[in-house]
Amino acid sequence: MSYSELELNRIAKIERMRERGEEPYPHRVERTHRIDEARAAYEAAVAAGADTHNTGVEATICGRLRSLRSMGRTAFCHVEDEGGRLQLMLRSNDLGKEWLKQFEKDYDLGDFVEAKGSLMLTRTGEVTLLVSALRMISKAIRALPSAKEVVDEETGERTVYSAFDNPEARYRERYADLAVNPDVREVFRSRAKVVSSIRRTLDDANFLEVETPVLQPIYGGAAARPFTTHHNQLKQELYLRISFELYLKRLLVGNIERVYEIGRDFRNEGVSYKHNPEFTQVEFYWAYADYFDVMDLTEQMIGNAAKAVFGGTTVGEYEGHEIDFGKFQRIRLADAIQEKTGIDFTQFTTQEALAAEMKAKDIKCDPAMPRGKLIDKLISDFVEPFLIQPTFLYDYPIEISPLAKKSADDPLIVERFEGFVAGMELCNAFTELNDPIDQENRFKLLQDMYGSEDDEGHPIDEDYIRAMSYGMPPNGGFGMGIDRLTMLLTNKHSIREVLLFPHLRDDKQD
RNA sequence: GGGUCUGUAGCUCAGUGGUAGAGCAGGUGACUUUUAAUCACUUGGUCGGGGGUUCGACUCCCUCCAGGCCUACCA
């Protein structure tokens with residue numbers, strides 16, 4: 001580790017302090033009030049009749065120095081903790097001329113301090129701690145990428161000059177980003193609310209939370225390429241899971257009727273504003289329910305999450321659109337595609353017929369694409385981008401849904417729905433296929449379809465079929481990307497903004 | 001993977017063939033109610049890395065690295 005001049009300067013301050021017998025990294029600190037509590041104590045005292053300029057309310061606060069203005073015999077600074085910011089006033093009359101001189105020399109923005117004093121109002125009307133004692137509790141060697149800030153007295157609005165907003169630097173040094181940008185901290189508070197709200201919704205509906213293997217000998221349950229790894233002692237190839245589905249449904253076989261998992265999935269695919277190699281999913285499986293029951297619960301779950309974030313209302317804003325997360329429109333997929341393209345895919349039951357119809361309608365596509373992929377393309381090109389308000393599309397083609405149960409009316413359709421908001425796929429659910437013979441045939445069909453292409457081929461999970469053959473209750477299942485839901489509820493256009501440490505390449509110098 | 005834009009001081013940015021700049025941060029000093037405090041002086045740079053063209057390259061060319069946006073892949 002090499003130090004810049006600025007850092008060497010601060011290291012010298014540490015040495016200077018130690019020579020004076022001050023430890024810049026003490027083991028224990030005292031804190032009587034968080035900053036919001038100190039403010040509340042001030043307000044309470046004033047309400048009870050105390051003199052605003054001398055309330056007599058004592059408080060010891062701890063936090064980071066975020067501003068520093070030295071006026072000679074008086075210095076002002078702001079200290080920030082999780083409860084906000086509070087101004088400190090340091091006077092040489094109270095602390096001694098020499099002490100204040102040393103303070104000005106040895107304390108920097110970003111240092112953590114413990115300040116003891118009494119609460120008062122300054123002439124300019126700011127609640128302030130008039131300090132009787134202050135000490136360093138953790139010296140910062142690097143300067144935070146701190147910006148100049150001004151808070152408008154009337155609106156309370158914070159204007160930041162030269163803010164730390166380079167995305168790469170912010171993601172690589174998320175700690176600095178969090179320390180300096182309060183709105184970033186707020187995003188992750190919202191994310192935590194989303195997760196706990198989902199958990200509460202499912203717990204309240206008597207679902208059991210479980211954990212299933214991340215390291216799997218056979219991956220499955222989704223259309224994605226996996227990461228591979230290796231167990232040295234067992235000499236075994238393993239995959240990082242791409243979904244929880246096949247393990248959770250085994251639990252239905254085991255007479256667990258309502259089960260869910262919240263955890264990390266890993267997909268070895270391209271990255272984009274809505275894709276990160278690892279991401280957080282919630283999946284649940286619900287015995288004796290079908291996909292319409294799942295729609296109802298989904299609506300409730302997402303509405304609750306929105307309320308948790310927005311504070312009581314399900315209505316939020318995303319990229320300029322007002323969105324009500326509490327209500328999903330329900331549209332049959334075939335109707336949605338027909339409306340946008342004039343093609344009713346249910347009338348074109350073979351790949352050839354559908355490809356010909358798309359060609360007739362001047363829709364460009366690879367003529368070798370399987371029928372399911374053609375339909376998928378119609379969805380993503382003509383329907384998905386226009387689904388701004390929450391919408392469930394339902395009744396999907398069987399080819400792209402190997403784990404969903406066939407419709408009783410149409411053998412080419414399965415009971416599946418996907419939820420979309422703001423033109424983005426958010427969740428995926430179906431009445432789960434529980435017929436082991438049908439399931440085996442579907443797996444084989446897929447192998448025939450993709451077997452030659454390494455990328456798309458998936459291994460058949462024989463044990464999953466074995467489990468199902470013991471009897472799996474009819475059930476509805478559901479999966480949703482929590483990162484994407486958080487994007488929608490925090491009005492962020494990039495998944496990286498809702499991941500604390502998004503994946504980045506090594507930043508080697510050469 | 002493809003297209004495109006970007007990378008200059010700790011942070012935010014200007015500079016586009018001729019001695020590397022500003023604001024803030026940092027340093028020294030002045031100032032007993034400031035709040036983007038102010039004022040004076042001042043330190044700080046492999047101009048993302050490497051190669052080339054040129055008398056001379058932050059600037060032009062090639063290449064590599066990293067990031068943003070778009071796009072592609074995504075039972």
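Every chain is numbered from 1, with letters handed out A, B, ... down the list of sequences. No experiment lies behind these values; they were computed from the predicted model shown.
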**OP:** Scan every strand shown for a Watson-Crick or G-U wobble partner of B:A14, both distances under 3.5 Å, and answer none if you come up empty.
**Re:** none
**OP:** May I ask you to say what A:Val271 touches in the nucleic acid, namely base, sugar-phosphate or nothing, with a heavy-atom cut-off under 4.0 Å?
**Re:** base
Subject >> Spacing of the C1' atoms in B:U59 and B:G21 (rounded, Å) >> reply: 15 Å
Original post:
How far, in whole Å, is B:C69 from B:A30 if one measures between their C1' atoms?
Top reply: 50 Å
Subject >> Pair partner, B:C69 [Watson-Crick or wobble, under 3.5 Å] >> reply: B:G3
Original post:
Given the C1' atoms of B:C47 and B:C60, what is the spacing between them in whole Å?
Top reply: 16 Å
Original post:
Expressed in whole Å, how much space separates the P atoms belonging to B:U46 and B:C58?
Top reply: 13 Å
Original post:
Using the P atom in both, what is the distance from B:G3 to B:A20, to the nearest Å?
Top reply: 35 Å
Original post:
Rounding to a whole Å, what distance do you find between A:Asp265:CG and B:C74:C1'?
Top reply: 13 Å
Original post:
Any side-chain N or O of A:Arg496 under 4.0 Å from OP1/OP2 of B:G68?
Top reply: yes
Original post:
Choosing from B:C74, B:U33, B:A75, which nucleotide comes nearest the side chain of A:Thr122?
Top reply: B:U33
Original post:
Can you tell me if the side-chain N/O atoms of A:Arg69 get under 4.0 Å from OP1 or OP2 in B:A37?
Top reply: yes
Subject >> Phosphate-side-chain proximity, A:His493 and B:C70, N/O vs OP1/OP2 below 4.0 Å >> reply: yes
**OP:** Any chance you could list the contact pattern along nucleotides 26-31 of chain B? Use B for base contacts, S for sugar-phosphate-only contacts and - for none, protein heavy atoms under 4.0 Å, 5' to 3'.
**Re:** SSSSSB
Subject >> Separation of the C1' atoms in B:U12 and B:U6, to the nearest angstrom >> reply: 15 Å
Subject >> B:G23 and B:C39, which share atom name P, separated by this distance in whole Å >> reply: 11 Å
Original post:
Hey, is the side chain of A:Arg505 poking within less than 4.0 Å of OP1 or OP2 on B:G67, counting only N and O atoms?
Top reply: yes
**OP:** Tell me what A:Asn166 touches on the nucleic acid: a base, only sugar-phosphate, or nothing, going by heavy atoms under 4.0 Å.
**Re:** sugar-phosphate
**OP:** Please check if any side-chain donor atom of A:Asp395 sits under 3.5 Å from a side-chain acceptor atom of A:Tyr291, or the reverse.
**Re:** yes
**OP:** Please report, rounded to the nearest Å, how far the C1' atom of B:A25 is from the CG atom of A:Leu65.
**Re:** 14 Å
Subject >> Euclidean distance for P, B:U8 against B:G68 (whole angstrom) >> reply: 15 Å
Original post:
A:Arg123 CZ to B:U33 C1': how many Å, rounded?
Top reply: 5 Å
**OP:** Any strand is fair game: report the nucleotide pairing with B:U54 by Watson-Crick or G-U wobble, both distances under 3.5 Å, or none.
**Re:** none
**OP:** Using heavy atoms to find the nearest nucleotide of RNA chain B for A:Gln87 and A:Ser272 separately, return the residue whose nucleotide is more 5′.
**Re:** A:Gln87
**OP:** Please tell me which of the listed nucleotides, B:C69, B:C73, B:C11, lies nearest to the side chain of A:Glu269?
**Re:** B:C73
